[in-house]
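Everything below concerns the one structure shown next.
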2 protein chains.
Amino acid sequence: MADIDDRTLDPTRKGEPRGPDARRHVRTLADLARLAGVSAGTVSRALAGKTLVNVETRDRIQALARHHGFKPNQMASKLRTGRTGVIGVVIPLGQDRRGQISDPLFLRLLGHLADELAECGYDIMLSRAAPDGTADWLERISGSGMVDGIIVIGQSDQADVIEQVAHAYRPLVVWGQGRSGQTQCTVGTDNELGGRIAVEHLLASGARHLAFLGQTGAIEAAARYRGAAAAAQSAGAPFVHLPVDPAGEAMGPQIDRALAAADLPIEGIVAASDLVAMAALRILHERGRAVPGDVRIVGFDDLPFAAQTTPPLTTIRQEIAQGARALVERLKARIEGQPTRSLAMPPRIVVRQSTRS
Amino acid sequence: MADIDDRTLDPTRKGEPRGPDARRHVRTLADLARLAGVSAGTVSRALAGKTLVNVETRDRIQALARHHGFKPNQMASKLRTGRTGVIGVVIPLGQDRRGQISDPLFLRLLGHLADELAECGYDIMLSRAAPDGTADWLERISGSGMVDGIIVIGQSDQADVIEQVAHAYRPLVVWGQGRSGQTQCTVGTDNELGGRIAVEHLLASGARHLAFLGQTGAIEAAARYRGAAAAAQSAGAPFVHLPVDPAGEAMGPQIDRALAAADLPIEGIVAASDLVAMAALRILHERGRAVPGDVRIVGFDDLPFAAQTTPPLTTIRQEIAQGARALVERLKARIEGQPTRSLAMPPRIVVRQSTRS
DNA sequence: CTTTCTCGTGCGGTGATCAGG
DNA sequence: CCCTGATCACCGCACGAGAAA
């Protein structure tokens, strides 16, 4: 044993002339094992905190590892154990494939997911996927052993592809709109109910001629529109759809035109998102139409800036922190083979000045 | 050869009774090799598109792989090659350690990084790190062989820790504020110049009593303040600092108090960020102070919503798409061992209504 | 017989080297 | 000697079996 310890006295000297670049002190378990005078297996167990190794040996090895800044190679560990400790988070770009993740809500959801997953000891592999007509963008991630599970943020126009992959790949959960009869596990806001609540609030506040402002290409926005339209219809209130593109540079003129095109004097607006609502606030202000005096506006999402608009925005809040928690919880369940239920969270209206007379 | 092909006709039959759970058709190179009647090595080369294998053999194997939905295990590949194809993107939480990545600018930068890195074939490992006083949050990522390089978004209060790690770990680039004599490679906006430009614009627009609105705890904000203060001083203009916390729930009252506390009638405001500027717009509107009539406001960042405030916000634009490109380009250079230079991008003022009389 | 540690094997793919035509 | 494909060792770690105390 003494002769082995001798080596540790001069770690700069290479043991054998074979190593062409063996300057780095400790790169593998074996290196550390040599220094500690034990075997690699023992070091492995010691660093993992297993009980099969003497406490003082373990502490000694851990101290040695810390001193040399040694971290076991994760790739080898992952390969050996078959567990990666990584969750893939994928954002399909879909229709708005300008290459940039645009929806600020998704980015905030991502932030919350980072919190939740870090909490459970998972790392995040982030992919922004540009669907190419096949399911490859998803299978590339699910099939290559890089992750233990996948969270898809937003279905975009890929709900069918996701559904197909979900049949074969269990540890998969999706933020988005649930549909009856689906295999995939979705978590999201009840957008239809959100639209309904918005309209009912507008009606209660005295507005009668209503409009839905924003595109309905995204499945979530379509649901919001449906809910809003249904609520207006059952109240017998006039209701029009003014599609504007929040991605376009010139949302201002678009909204301008949309409002001008409406042949009714609009008294209440349900916006597809907070950003659209904010643009509407600005346009109306510039046109001399008072909010909430002449027109009332309800946004959607309750992003942080919604409280800072002029006037502050009444909006349908999506509980994304709670959603992130639900996503991770369900994913963990699925990883362990348990069945899960989809979740449509009830939205809550946050009333601020934009609808308060 | 014919007898070997026979095997491929009935892939459901297990070759040997040994596999206890061999239902999955093709899980390894060896499986596919058996089906194709070649060796595992050949399959590996065929799938990698190497030229050392006959073209028709290669196509046959590729077709077979596609048909069985086979994807080679990435962990094994990464381990063997020593190349992970993954870049770690880390966001230190630092002072605002409420557990949530709060700065919307960082999230947008992340989006652009996702684009750039995907372009180069890199995957992203996302970590939100809660610094604990040691350098461990960074070394955990750099030292464990999980990534080929690291991008740190925002130094928070960890510039020293990053600097220390940068000495030993080369493939590391940082979004943030550069300091002279540093080892780390930083890319960021010249915040000091941004502050100066903002003040000069305000002075030119006729405002004379100026204020900087927002906290200066973050190193970037501090630089903006320095630049603004210096510009005001050299012009002999009165200049005060009104610290408000953009994270706090009650930014409104805070701004209220800050403005009331100023013993001068403020005519021009430089805000630490667009979100702060937006809150100021709202407060001033509620207090009946006209923007830009009574007070002019300049924001910082030029986030998308800056164009939609009421009135639209003049702001110092940070070119984050360009910044993301520079970060990735420098990181790639460093991965290949080349030296790199830090970059402080000149900010550009985007003039909108909030300073236009 | 228990505690503590060593040994050998294999996770799955890759590249150098080697064999056959 | 060129072309195609096979062979074998190995990346670094983890786990089961078994040896030493």
Side-chain angles (χ1 to χ4, degrees), chain A residues 1 4 16 18-22 24-62 64-65 68 70-85 143-146 148, chain B residues 1 4 18-22 24-62 65 68 70-85 143-146 148:
Chain A
M1 197 106 130
I4 293 178
E16 299 96 14
R18 301 202 175 161
D21 186 3
R24 289 233 181 285
H25 286 15
V26 205
R27 297 180 29 70
T28 71
L29 282 187
D31 292 343
L32 195 63
R34 216 171 302 125
L35 285 183
V38 298
S39 80
T42 302
V43 175
S44 170
R45 279 177 286 262
L47 293 182
K50 296 270 176 77
T51 54
L52 300 89
V53 53
N54 195 336
V55 193
E56 64 179 12
T57 313
R58 193 190 62 191
D59 291 348
R60 187 166 59 90
I61 293 175
Q62 286 182 346
L64 209 53
H68 287 275
F70 171 76
K71 299 271 193 303
N73 184 303
Q74 292 299 94
M75 288 309 156
S77 174
K78 288 166 200 229
L79 173 59
R80 177 61 231 239
T81 58
R83 197 181 161 283
T84 68
S144 59
M146 289 194 301
D148 291 341
Chain B
M1 197 108 136
I4 292 176
R18 300 201 175 163
D21 187 2
R24 289 234 181 285
H25 287 14
V26 203
R27 298 181 27 71
T28 72
L29 282 188
D31 293 344
L32 195 62
R34 217 172 301 128
L35 286 183
V38 296
S39 79
T42 302
V43 175
S44 169
R45 280 177 287 266
L47 293 182
K50 297 269 175 77
T51 55
L52 300 90
V53 54
N54 196 337
V55 191
E56 63 180 13
T57 314
R58 194 190 60 190
D59 291 347
R60 188 167 58 90
I61 291 175
Q62 286 183 347
H68 287 274
F70 172 76
K71 299 270 195 305
N73 183 303
Q74 291 298 94
M75 288 309 157
S77 173
K78 288 168 204 257
L79 171 60
R80 178 60 231 237
T81 60
R83 198 183 161 282
T84 68
S144 58
M146 289 194 302
D148 291 341

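Below, chain A is the first sequence line, B the second, and so on; all start at residue 1. Because the structure is predicted, anything quoted here is derived from the model rather than measured.
C:dC11 atom P lies 13 Å from atom CG of B:Leu29, rounded to whole Å. With rounding to whole Å, A:Glu56 atom CD is found 10 Å from C:dT4 atom P. Taking atom CZ of A:Arg83 as the reference point, atom P of D:dG12 lies 22 Å away to the nearest angstrom. Distance CG (A:Leu52) to C1' (C:dT2): 12 Å, rounded to an integer number of Å. The separation between B:Leu32 atom CG and D:dA6 atom P is 13 Å, rounded to whole Å. One interatomic measurement links the two molecules: CG of B:Leu47 to P of C:dG12, which rounds to 16 Å at whole-angstrom precision. Between B:Arg60 atom CZ and D:dG5 atom C1' there is a gap of 12 Å when expressed in whole angstrom units. When the C1' atom of D:dC11 is taken as reference, atom CD of B:Gln74 falls 15 Å away, rounded to whole Å.
Looking at heavy-atom distances under 4.0 Å, B:Leu79 makes contact with a base.
Remark: the A:Arg45 side chain and the C:dT4 base include no donor-acceptor N/O pair separated by less than 3.5 Å.
When all heavy atoms of A:Leu29 and A:Ser44 are compared, the pair lying nearest together is CD1-CB, 3.6 Å. Heavy atoms only, all atoms of each residue included: A:Ala33 and A:Ser39 are closest at CB-C, 3.5 Å.
In this structure, B:Asp148 contributes its side chain and B:Gly85 its backbone to a donor-acceptor pair below 3.5 Å. With hydrogens and angles ignored, the 3.5 Å screen pairs no side-chain donor or acceptor of A:Thr42 with any backbone N or O of A:Val38.
You'll find that the side chain of A:Phe70 is closest to D:dC13, out of D:dC13, C:dC5, D:dG12. Here D:dT4 is the nucleotide among D:dT4, C:dG13, C:dT4 with the atom lying nearest to any side-chain atom of B:Asn54. Listed candidates were D:dG12, C:dT14, C:dT6. Nearest to the side chain of A:Val38 is C:dT6.
In this model, the phosphate group of D:dG5 is approached by a side-chain N or O of B:Thr57 to a distance below 4.0 Å at OP1 or OP2. At the phosphate of C:dG10, neither OP1 nor OP2 sits under 4.0 Å from any side-chain N or O atom of A:Arg80. A close approach under 4.0 Å does not occur between any side-chain nitrogen or oxygen of B:Ser39 and OP1 or OP2 of D:dG5. Between B:Lys50 and C:dG15, a side-chain N or O to OP1/OP2 separation shorter than 4.0 Å is present. Residue A:Ser44 has no polar side-chain atom (N or O) positioned under 4.0 Å from OP1 or OP2 of D:dC13. Note on A:Ser77: a side-chain N or O is less than 4.0 Å away from OP1 or OP2 of D:dA14. Within the 4.0 Å cut-off from OP1 or OP2 of D:dG5, not a single side-chain nitrogen or oxygen of B:Thr42 is found.
The nearest heavy atom of DNA chain D to B:Thr51 and to B:Thr81 marks one nucleotide each, and the one closer to the 5' end goes with B:Thr51. Along DNA chain C, the nucleotide nearest B:Pro72 and the nucleotide nearest A:Val55 are compared for position; the residue whose nucleotide lies closer to the 5' end is A:Val55.
A side chain to side chain contact (heavy atoms under 4.5 Å, CB included) with A:Phe70 is found for one member of A:Leu64, A:Leu47, A:Leu35 and no other, namely A:Leu47.
Side-chain contact between B:Met146 and B:Lys78: absent, with no pair of heavy atoms (C-beta onward) separated by less than 4.5 Å.
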